[in-house]
Participant: 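Below you'll find the structure I mean.
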Amino acid sequence: MTPLIDVTFLLIIFFMIISNFISEQSVEMIVPRLTESTARELESPRRVVVNVAPKPYNPGDRADEPLAWPSQAHWVEVDARRFDMSRLEEVTAVLDFAFKRAPRDGDGNSLLEVLLRADAALQYDQVAPVLTAIAGAGIDKVHMVSYLPGHGPNEQRTQP
Amino acid sequence: MNAASVPALPQATTHHRVRRAARTRPPLRMALNLTSMIDVIFLLLIFFVVTASFTLGEGIITAKLPQGTGTGQSSDPPSLPLNIIVSAAGQHAYRLELEGYAATPMDFRQLHDQLVAIQYDESRNRTTGTHKPDDPVVITPAGAVRWQHVVDVINAVVRARYTNFALTQAQ
């Protein structure tokens with residue numbers, strides 16, 4: 001009986017680790033860190049995340065001073081699909097499709113929430129075309145992702 | 001060669017016999033079974049690695065996007081939007097400007113204070129200003145402004161409790 005329990009526990013832990021890795025598969029970047037932040041957690045499960053990925057770097061190198069390096073937008077990632085910065089009309093098409101399929105509330109507004117994750121060091125003229133592409137799909141509300149209070153890189157966690 | 005010339009071997013005494021008996025017994029040593037302890041320690045290690053979360057918590061701030069095709073219908077004359085202009089100064093500094101107001105905020109805290117000062121909201125005892133919380137606020141960052149500072153401005157506007165703000169791009 002004992003080896004059976006051992007193996008079962010090991011399998012449980014193995015699958016826990018694997019599922020953790022799957023859910024954390026998001027583009028690595030340093031999002032803006034705000035003083036006296038009003039950022040809140042999003043409850044809605046119906047969300048689509050638009051990542052403006054910078055050219056890859058090791059976030060640990062920049063944790064102290066994220067803005068000291070110039071950052072270059074590399075590609076846009078919408079739900080694990082990558083789009084070149086020069087083909088943002090495809091982003092509009094994908095979001096338009098997702099919005100038409102998403103369920104609506106009583107007033108006919110789509111329940112899908114669009115989150116925009118962009119690197120803090122990007123310049124606005126690299127993010128603005130992505131905003132235009134989102135707006136082009138008829139979406140008028142977008143959620144900017146930033147760190148929750150007390151959660152930034154190299155920050156003492158003041159809140160649990 | 002006679003027996004007298006050979007020295008006699010020492011006779012084994014009772015004393016010697018006792019000593020030899022003590023030596024042949026295996027030495028008393030404590031043996032700790034390490035295997036099970038290592039098993040448990042590894043399991044604990046894996047457990048804590050799994051439960052620890054290495055990701056940083058991220059939250060959201062909601063902003064509106066300008067829509068060019070909207071055809072608005074309103075009986076009230078539209079109120080003039082409050083313009084916040086952000087321009088870049090050097091590699092990673094910024095300059096803030098509240099259109100129509102002479103004082104330029106030096107940082108986002110001053111921007112927030114100024115936005116509160118020009119707000120009119122009786123329920124919060126803000127009666128010095130003229131802008132209602134749902135009056136339109138337009139944030140116009142220049143192209144070279146870092147995304148960090150754009151979100152900082154949005155945060156200051158949200159914190160000053162304006163509800164109707166949008167993000168545009170400088171022409």
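These numbers come from the heavy atoms of this one structure, side chains and all, not from hydrogens, waters or symmetry mates. In what follows, chains carry the letters A, B, and so on, assigned in the order in which the sequence lines appear, proteins first and then strands, with residues in each chain numbered from 1.
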Participant: Which bit of A:V145 comes within less than 4.5 Å of chain B, counting heavy atoms only: side chain, backbone, both or neither?
Facilitator: both

Participant: Is B:R109 atom CZ crowded by more than 12 heavy atoms from other residues, nucleotides or ligands, each under 6.0 Å away?
Facilitator: no

Participant: Is there side-chain contact between A:H143 and B:I61, with at least one heavy-atom pair below 4.5 Å?
Facilitator: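 A side-chain contact is absent here, since even the closest heavy-atom pair is not under 4.5 Å.
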
Participant: Donor-acceptor pair, B:R146 side chain versus A:A121 backbone, under 3.5 Å?
Facilitator: yes

Participant: So does B:Y101 have more than 12 non-hydrogen atoms from other groups sitting under 6.0 Å from OH?
Facilitator: yes

Participant: Drop me the distance from B:E58's CD to A:L148's CG, to the nearest 0.5 angstrom.
Facilitator: 8.0 Å

Participant: Answer with side chain, backbone, both or neither: which region of A:L115 has an atom nearer than 4.5 Å to a non-hydrogen atom of chain B?
Facilitator: side chain

Participant: May I ask you to test the A:R40-B:I60 pair for a side-chain heavy-atom distance under 4.5 Å?
Facilitator: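 In short, these two side chains touch, coming nearer than 4.5 Å.
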
Participant: Is the closest side-chain heavy-atom distance between B:H112 and A:E36 below 4.5 Å?
Facilitator: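 When only atoms from C-beta onward are counted, A:E36 and B:H112 do not touch, as no gap falls below 4.5 Å.
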
Participant: Measure the shortest side-chain to side-chain distance between B:V145 and A:D125 over non-hydrogen atoms and say whether it is less than 4.5 angstrom.
Facilitator: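 No, their side chains stay 4.5 Å or more apart.
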
Participant: Please say yes or no: joined through hydrophobic side-chain contacts below 4.5 Å, possibly via intermediate residues, are B:V157 and B:V116 part of one cluster?
Facilitator: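 No, it is not one cluster - the side chains of B:V157 and B:V116 are not joined through contacts under 4.5 Å.
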
Participant: Can A:L95 be reached from A:W75 by stepping across I, L, V, M, F, W or Y side chains whose heavy atoms are under 4.5 Å apart?
Facilitator: no

Participant: Could you tell me which portion of A:D6 (side chain, backbone, both or neither) has an atom closer than 4.5 angstrom to a non-hydrogen atom of chain B?
Facilitator: neither

Participant: What part of B:I46 lies closer than 4.5 angstrom to a heavy atom of chain A: side chain, backbone, both or neither?
Facilitator: side chain

Participant: With a 4.5 angstrom heavy-atom cut-off, which part of A:E113 approaches chain B: side chain, backbone, both or neither?
Facilitator: neither

Participant: Quick check: closest heavy atoms across A:M144 and B:A63, and the distance to 0.1 Å?
Facilitator: CE-CB, 3.7 Å

Participant: Tell me the closest heavy-atom pair linking B:L167 and A:Y124, and the distance in Å.
Facilitator: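 Of all heavy-atom pairs spanning B:L167 and A:Y124, the closest is CG-OH, 3.5 Å.
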
Participant: Are B:L96 and B:I85 connected into the same hydrophobic cluster when the rule is that any two of I, L, V, M, F, W, Y join if their side-chain heavy atoms are below 4.5 Å apart?
Facilitator: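 The answer is no; the residues belong to distinct hydrophobic clusters.
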
Participant: Is the count of non-hydrogen atoms from other residues, nucleotides or ligands lying under 6.0 Å from B:R95 atom CZ greater than 12?
Facilitator: no

Participant: Which residues pass the ring-ring contact (aromatic ring centres under 6.0 Å, His included) test with B:F165, sequence neighbours left out?
Facilitator: none

Participant: Are B:V137 and B:I118 joined in one hydrophobic group, where the rule is that I, L, V, M, F, W and Y side chains link up if heavy atoms are under 4.5 Å apart?
Facilitator: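 B:V137 clusters together with B:I118.
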
Participant: Applying a heavy-atom distance below 4.5 Å, give me the residues of residues 147-155 of chain B that approach chain A, sorted by number.
Facilitator: B:W147, B:Q148, B:H149, B:V150, B:V151, B:D152, B:I154, B:N155

Participant: Nearest 0.5 Å, what's the CZ-CG distance between B:R159 and A:L34?
Facilitator: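 Rounded to the nearest 0.5 Å, the CZ-CG separation comes out at 10.0 Å.
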
Participant: Applying a strict under-4.5 Å side-chain criterion to I, L, V, M, F, W and Y, I'd like to know whether A:F99 and A:V76 cluster together.
Facilitator: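 Hydrophobic grouping puts A:F99 with A:V76.
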
